[in-house]
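So that we are looking at the same thing, I have put the structure below in C-alpha cells.
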Protein chains: 2
Amino acid sequence: MSGYAAVLRHVEAELAAGRLTVGAQLPAERRLAEDLGVSRPTVREAIRVLQALGVVRSGVGSGPDAGTTVIADPAGGIAAALRLHLATRRLPMADLVATRALIEGAAVRAAARAPGHPDLDLAEDLLARMDEPGIDADTYHQLDADFHVALTRAAGNAVNTAVMTALRDAIHHTVLHAVASLPDWPRTAARLRREHRAVLRAVRAGDGERAAALVVRHIEGFHREWTRHVSPG
Amino acid sequence: MSGYAAVLRHVEAELAAGRLTVGAQLPAERRLAEDLGVSRPTVREAIRVLQALGVVRSGVGSGPDAGTTVIADPAGGIAAALRLHLATRRLPMADLVATRALIEGAAVRAAARAPGHPDLDLAEDLLARMDEPGIDADTYHQLDADFHVALTRAAGNAVNTAVMTALRDAIHHTVLHAVASLPDWPRTAARLRREHRAVLRAVRAGDGERAAALVVRHIEGFHREWTRHVSPG
DNA sequence: ACCAGCCCTGTGGTCAGACCACAGGAGGTG
DNA sequence: CACCTCCTGTGGTCTGACCACAGGGCTGGT
C-alpha cells in the first residue's frame with residue numbers, strides 16, 4: 001500500500017465508519033502525517049484529491065473557515081472529471097447533452113408528482129430574475145443553470161441532482177462561448193424564457209409527461225441551435 | 001492563481017488545444033515544474049488529481065509504461081467521487097440505484113435499435129461464462145457488472161456508459177457484502193441469469209420498450225432483495 | 001560476429017526540514 | 001472598557017535529497 005493511497009483509504013474508512021461526518025474537521029496535515037507514518041507532502045496529495053472530488057475544503061488561517069473541513073459537493077467532483085474528459089474529446093458533447101436530457105426529463109416527470117415542492121418556488125423566483133431587461137449573458141446563464149438544477153432537485157433524487165449539476169457545469173464555459181456567436185441572442189433568450197415557463201407550468205399542473213417532453217425539447221433544441229452556429233462558423 | 005491550480009489549468013489547456021492527446025506522455029515532473037515555475041511537490045499534487053479523475057496514469061521505470069501518460073477513463077473519476085460521497089451518506093444508495101435504472105433503461109431502449117452491435121455479442125459471451133457451475137460470487141459479480149456495461153455501451157452514448165460504469169463500480173463492494181448475507185444465493189443467481197437472458201433477448205428482438213421494462217425491474221428487484229436482507233439483519 | 005551480463009540514466013514515490021501568508025484569539029495597554 | 005499587538009496554529013510552497021524501478025546501451029567474454 002503506497003503512502004498516498006493509505007491516506008485516502010484512511011479517510012474513506014473514517015467516513016464510512018461515521019467517525020468523520022460532513023462539517024467535521026480533518027486533523028491538521030502535520031498531525032495526519034505523523035499519525036499515519038507518512039510525510040506531509042504525501043498527505044497533501046491525498047487531500048488535494050479529496051478536494052478535487054468535492055469531499056473536503058481547505059482554508060488557511062484560523063477560525064471556522066480554516067483547516068480542512070468535510071463537505072458534500074458530489075457535483076463538483078463529477079463536473080471536474082467530465083470537463084477534463086470533454087477536453088480529451090473522448091466524451092462527445094452530443095452524448096453529454098443527451099444524458100442531460102434523459103436525466104432532466106425523468107426529474108421533471110417525478111417533480112410533477114410533488115408540485116408544491118419549495119425548490120419549485122425557487123425556480124419561479126429565478127425565472128423572474130431572468131426576465132429583467134438588459135441582463136448580460138453571463139448572469140443569464142448562471143440563473144438558467146440554477147433554474148434547471150432547482151427543477152431537478154425538486155424531484156428529490158440526490159444522485160440525479162449531482163450528475164445533472166455536473167453535466168451543466170461541465171459545459172458552462174462552452175455554452176458561454178457559443179451564445180456569443182448566435183445571430184440574435186435576445187430573440188433566443190426570449191424563446192428560452194418562454195420554454196422555461198412552459199416547463200414549470202406543466203410541473204405545477206402535475207402533468208409530468210408534458211413537462212418531460214417540453215424540457216427535453218428545450219435542451220435538445222438549444223443544443224442544436226448553438227452547434228449549428230458554432231461548428232460550421 | 002495558486003501554483004497547484006496553475007498546473008491543472010495548464011494541462012487542461014494543452015488537452016483542449018489538442019497539443020496533448022490520449023496516449024501521449026506528459027513532460028516529466030521535474031521538467032513540468034521548471035517549465036511552469038513551481039516546485040515538484042506542487043506539480044505532483046496536480047498530477048495526483050488528474051490520476052484520480054482518470055485522465056492520466058503514472059508508472060515508474062523506463063519503457064512505454066513509464067512516465068505519466070494521458071488516458072481516458074471517465075468512469076474511474078466519477079466512480080471515485082460517488083464512492084466517497086456514498087461514504088458520507090449524502091448520496092443515498094436508493095437514489096443511486098434509481099439513477100442507474102434510469103440510464104440503463106434508456107440505454108437498452110436505444111440498443112434495441114442496433115441489435116447487431118458487437119457489444120451485444122460480448123454480452124452474450126459474458127452470460128455464457130456466468131452459467132458455469134460452481135462459480136464464486138466475486139467472479140460472478142464482475143461478469144455481471146461487465147454484462148451491464150456491455151449492454152449500455154451498445155447504445156453508443158459514451159457519457160451514459162461512463163456514468164453507468166461509475167454507478168456500478170461505486171456500489172460493487174457493497175453488493176459483494178450484501179449478497180453474502182442473502183439466504184439463498186444460488187437461487188437468486190439463477191433468477192438473475194434468467195432475467196439477464198430475457199433482457200438481451202428483447203434487445204436482440206428490437207423490442208426496446210420490453211427490454212427497458214425488464215432491465216429496470218431486474219435492477220430494482222435485486223436492490224430490494226438485498227436491502228431487505230441486509231438493513232434489518 | 002554474436003551474445004549475455006552489467007551499469008547508466010531517467011522515471012515516479014517519498015521524505016525531511018524550512019519559510020511564508022493568513023486569521024483568530026489571548027494578552028497587554030491606553 | 002476599547003483598542004492594539006503579538007502569538008499560535010493553519011494550509012501553501014519550496015529546496016534538496018534518497019529510493020526503487022526498468023529499459024537501453026555498453027562491455028566483456030565467447
Side-chain angles (χ1 to χ4, degrees), chain A residues 1-12 14-15 20 22-71 73 76-77 80 84, chain B residues 1-12 14-15 20 22-71 73 76-77 80 84:
Chain A
M1 174 67 62
S2 72
Y4 147 77
V7 179
L8 226 44
R9 220 177 47 129
H10 173 257
V11 173
E12 183 170 359
E14 293 285 301
L15 286 171
L20 213 50
V22 173
Q25 296 270 333
L26 250 67
E29 294 177 357
R30 292 164 177 84
R31 176 70 194 278
L32 208 48
E34 194 183 358
D35 289 354
L36 300 179
V38 297
S39 70
R40 199 179 150 211
T42 299
V43 169
R44 283 182 60 76
E45 289 179 14
I47 290 184
R48 277 288 192 223
V49 168
L50 293 172
Q51 232 176 316
L53 295 179
V55 176
V56 304
R57 171 191 46 128
S58 293
V60 295
S62 316
D65 278 4
T68 301
T69 312
V70 178
I71 60 174
D73 178 25
L84 266 306
Chain B
M1 174 66 62
S2 72
Y4 147 77
V7 178
L8 226 43
R9 217 176 47 128
H10 172 257
V11 173
E12 183 171 358
E14 293 286 300
L15 285 170
L20 214 49
V22 173
Q25 297 270 333
L26 250 67
E29 294 177 356
R30 292 163 177 85
R31 175 69 194 277
L32 207 47
E34 193 183 0
D35 288 355
L36 299 179
V38 297
S39 70
R40 199 179 149 212
T42 299
V43 168
R44 283 183 59 76
E45 289 179 14
I47 289 184
R48 276 288 193 224
V49 169
L50 294 173
Q51 231 175 314
L53 295 179
V55 176
V56 303
R57 170 190 48 124
S58 293
V60 294
S62 314
D65 278 4
T68 301
T69 312
V70 178
I71 60 174
D73 178 26
L84 266 306

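None of the values given here were measured: they were computed from a predicted structure. Labels below follow one simple rule: chain letters A, B, ... track the order of the sequence lines, proteins then strands, and each chain is numbered from 1.
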Shortest non-hydrogen contact from L20(B) toward Q25(B):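 Minimum heavy-atom separation between L20(B) and Q25(B): CD1-O, 4.1 Å.
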
Please report the distance, rounded to the nearest Å, between CG in L36(B) and P in dC14(D).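 About 11 Å, once rounded to whole Å.
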
Can you tell me how far P of dT11(C) sits from CG of L32(B), to the nearest Å?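 Distance, rounded to whole Å: 12 Å.
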
Taking the nucleotide of DNA chain C with the nearest heavy atom to each, does R30(B) or P41(B) sit closer to the 5' end?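 Closer to the 5' end of DNA chain C: R30(B).
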
Could a donor-acceptor pair under 3.5 angstrom be found where the side chain of R40(A) meets the base of dG12(D)?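 Per atom types, the contact qualifies.
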
For DNA chain C, whose closest nucleotide is more 5', that of I47(B) or that of S39(A)?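 The answer here is I47(B).
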
Which atom names give the shortest non-hydrogen contact between A80(A) and L53(B), and what distance separates them?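 Heavy atoms only, the tightest pair is CB-CD1, 4.1 Å.
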
Among L36(B), V38(B), D35(B), find the one that has a side-chain contact (heavy atoms from CB on, under 4.5 Å) with H10(B).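 Checked L36(B), V38(B), D35(B) against H10(B); only one passes side-chain contact (heavy atoms from CB on, under 4.5 Å): L36(B).
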
Without decimals, in angstroms, what is the distance between L50(A) CG and dG11(D) P?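 It is 13 Å, rounded to the nearest whole Å.
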
Verify the contact: side-chain N or O of T42(B) to OP1 or OP2 of dC14(D), cut-off strictly under 4.0 Å; return yes or no.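 Looking at the OP1 and OP2 atoms of dC14(D), one of them is under 4.0 Å from a side-chain N or O of T42(B).
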
Students often get this wrong, so: under 4.0 angstrom with heavy atoms, is R57(B) touching a base, only sugar-phosphate, or nothing?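 No contact.
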
Whole-Å gap separating P (dA16(C)) and CD (E34(A)):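 E34(A) atom CD is separated from dA16(C) atom P by 11 Å.
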
Between Y4(A) (OH) and dC15(C) (P), how many Å, whole number?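 So the two atoms are 14 Å apart, to the nearest Å.
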
Is the phosphate of dG12(D), meaning OP1 or OP2, less than 4.0 Å from a side-chain N or O of R44(A)?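 Yes, because at least one side-chain N or O of R44(A) sits under 4.0 Å from OP1 or OP2 of dG12(D).
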
Criterion side-chain contact (heavy atoms from CB on, under 4.5 Å) against V55(B), the qualifying member of V49(B), L15(B), V22(B), I47(B):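 That would be L15(B).
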
Write down the atom of L8(B), the atom of A46(B), and the distance for their closest heavy-atom approach.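 Residues L8(B) and A46(B), closest heavy atoms: CD1-O, 3.6 Å.
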
May I ask you to say what R48(B) touches in the nucleic acid, namely base, sugar-phosphate or nothing, with a heavy-atom cut-off under 4.0 Å?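 Result for R48(B) = sugar-phosphate.
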
Rounded distance (Å) that lies between atom C1' of dT11(C) and atom CG of D65(B):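 Rounding to the nearest Å, CG of D65(B) and C1' of dT11(C) are 13 Å apart.
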
Could you state the atom-to-atom distance from CD of Q25(B) to C1' of dG23(D) in whole Å?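 That distance rounds to 13 Å.
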
So does S62(B) get a side-chain nitrogen or oxygen closer than 4.0 Å to the phosphate oxygens (OP1/OP2) of dT9(C)?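 The answer is no; no side-chain N or O of S62(B) sits under 4.0 Å from OP1 or OP2.
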
Measure from the side chain of V38(A), starting at C-beta and using heavy atoms only, and say which of dC22(C), dC15(C), dG13(C) lies closest.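 Of all the options, the side chain of V38(A) is nearest to dC15(C).
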
E45(A) CD to dG11(D) C1': how many Å, rounded?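 From E45(A) CD to dG11(D) C1': 16 Å.
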
Considering every strand and a 4.0 Å limit on heavy-atom distances, what is the contact class for A28(A): base, sugar-phosphate, or nothing?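 Sugar-phosphate contact only - A28(A) comes under 4.0 Å of backbone atoms but never of a base.
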
